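What follows is a set of notes on a single structure, which appears directly below.
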Amino acid sequence: MNRTFIIYAILISLFITTLGFFFYFYQQVQIFDKKLEETNSSETRSSKHHFVLIGEEMGHDYWRLVGEGAKKAESRYDVVVQYEGGPKRSNPDEQLKLFDMAIKSKVDGIIIQALNDEFTPMINKAVKKGIPVITIDTDAPESMRSTYIGTDNYKAGQMAGQALIEDTDGKAIIGIVTGGMDKDNHQHQLRLEGFKDTIAQVEGIKIVAMAESNLSRVKAEEKAYEMLTEHDDITAFYGTSSLDGMGIVAAANNLNKNDLYVMTFDTLTENIRLLKKGKIDAIVGQQPFEMGEKSIEIMLDLLTGGNSVQDVYQTNVTIIRTSDLPLKGSERMGLLD
Ligand code: BGC
């Protein structure tokens with residue numbers, strides 16, 4: 001066993017790893033193209049337009065609803081929608097890869113959640129190649145996208161702050177669990193800024209701890225648990241993504257903290273169940289189904305000169321408390337049952 005052998009061994013493993021990566025990426029492109037071909041040939045041979053919609057996380061209830069909205073629009077118009085729920089777990093780099101594949105496949109329109117600054121050049125690349133882009137759920141306002149469809153995330157944060165002030169009579173010591181704290185994460189930054197700016201106007205409210213859940217329920221629980229053990233005086237939690245509330249409630253249960261005020265995002269079935277039980281106090285309700293549906297309609301109008309194209313199509317945000325149950329009308333659109 002000498003140095004030459006070790007060097008050869010390293011070189012060979014490097015070669016194999018590179019080959020592995022290359023093969024993986026090549027396979028992904030093939031799968032993507034195959035899906036596109038299948039949608040083209042089987043669904044509607046006569047369809048004129050092919051759109052790709054890329055979400056944040058495959059199998060996530062929120063993104064499933066976005067997909068259902070898009071598919072509803074697909075059934076009404078002469079289009080084919082290739083719905084990519086997103087990577088298995090939230091991963092902006094993987095999302096960007098799917099985005100790049102869609103550009104390479106020369107689809108007619110791309111609908112994408114623009115989670116951070118890295119999406120702007122990719123959006124511009126698509127537009128320069130003649131593919132219009134709509135941002136959904138999270139915007140890239142500096143990019144060349146045509147329209148943003150979704151929540152005004154700053155306003156949603158403000159509404160959350162206002163509701164918390166009202167529900168706690170202006171007295172609360174707050175822990176925040178946020179999907180992502182990275183300064184580039186547009187959505188959670190805005191939800192935090194809106195919230196902080198609003199509660200800053202009230203003296204009796206202060207934030208003592210903040211941590212990131214990475215959109216994972218387990219991580220939200222772990223972080224809330226840590227916060228509650230380090231800050232015994234926390235009386236309220238603000239969770240900025242769908243699964244944060246569930247994690248916070250689980251941590252509170254473990255520590256027998258039964259009188260915490262909990263606010264979270266999205267009317268997922270489990271959140272509604274916890275709201276009914278009084279474990280969650282308020283939910284910031286968004287309209288994922290409508291986002292998906294509108295994104296297809298507006299993309300079609302973009303290509304056919306229709307009149308619904310606008311810079312921003314804002315979907316409704318509501319604060320939902322136990323007294324608002326059962327949900328009615330458009331609020332039910334966000335509900336999975
Ligand atoms: C956000 C989505 C996110 C989802 C997952 C929602 O509140 O709007 O962007 O993917 O939560 O937790």
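None of the values given here were measured: they were computed from a predicted structure. Start at 1 and go down the list; that is how both ligands and their atoms are numbered.
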What atoms of ligand 1 come closer than 4.0 angstrom to any heavy atom of Gln286?
1 (C), 6 (C), 7 (O), 8 (O)
Report, in ascending order of atom number, the atoms of ligand 1 lying under 4.0 Å from any heavy atom of His60.
5 (C), 12 (O)
Examine ligand 1 and decide if any of its atoms is less than 4.0 Å from a heavy atom belonging to Arg191.
yes
Would you mind checking if Glu221 and Arg217 are paired as a salt bridge, meaning a charged N to carboxylate O distance below 4.0 Å?
no
Mark up the atoms of ligand 1 that fall under 4.0 Å of a heavy atom belonging to Asp137, in ascending order.
1 (C), 2 (C), 8 (O), 9 (O)
His60 vs Tyr62 aromatic rings, parallel, tilted or perpendicular, using cut-offs 30° and 60°?
perpendicular
Give a yes/no verdict on whether any heavy atom in Gln187 is under 4.0 Å from an atom of ligand 1.
yes
Near Gln113 (heavy-atom distance under 4.0 Å), the atoms of ligand 1 are 9 (O)
Atom 11 (O) of ligand 1 - nearest protein heavy atom and its distance
Ser242 OG, 3.0 Å
If we ignore angles and hydrogens, is there a donor and acceptor under 3.5 Å between the side chains of Tyr313 and Glu290?
yes
Flag the pair Asp108 and Lys48 as a salt bridge only when some basic side-chain nitrogen lies within less than 4.0 angstrom of an acidic carboxylate oxygen.
no
Between Glu226 and Lys223, is the closest basic N to carboxylate O distance under 4.0 Å?
yes
Might you work through the salt bridge (charged side-chain N to carboxylate O under 4.0 Å, His left out) test for Arg76 and Glu293, ending with a clear yes or no?
CA-CA 10 Å; Arg76 284 205 308 262; Glu293 191 179 21; 3.2 Å; yes
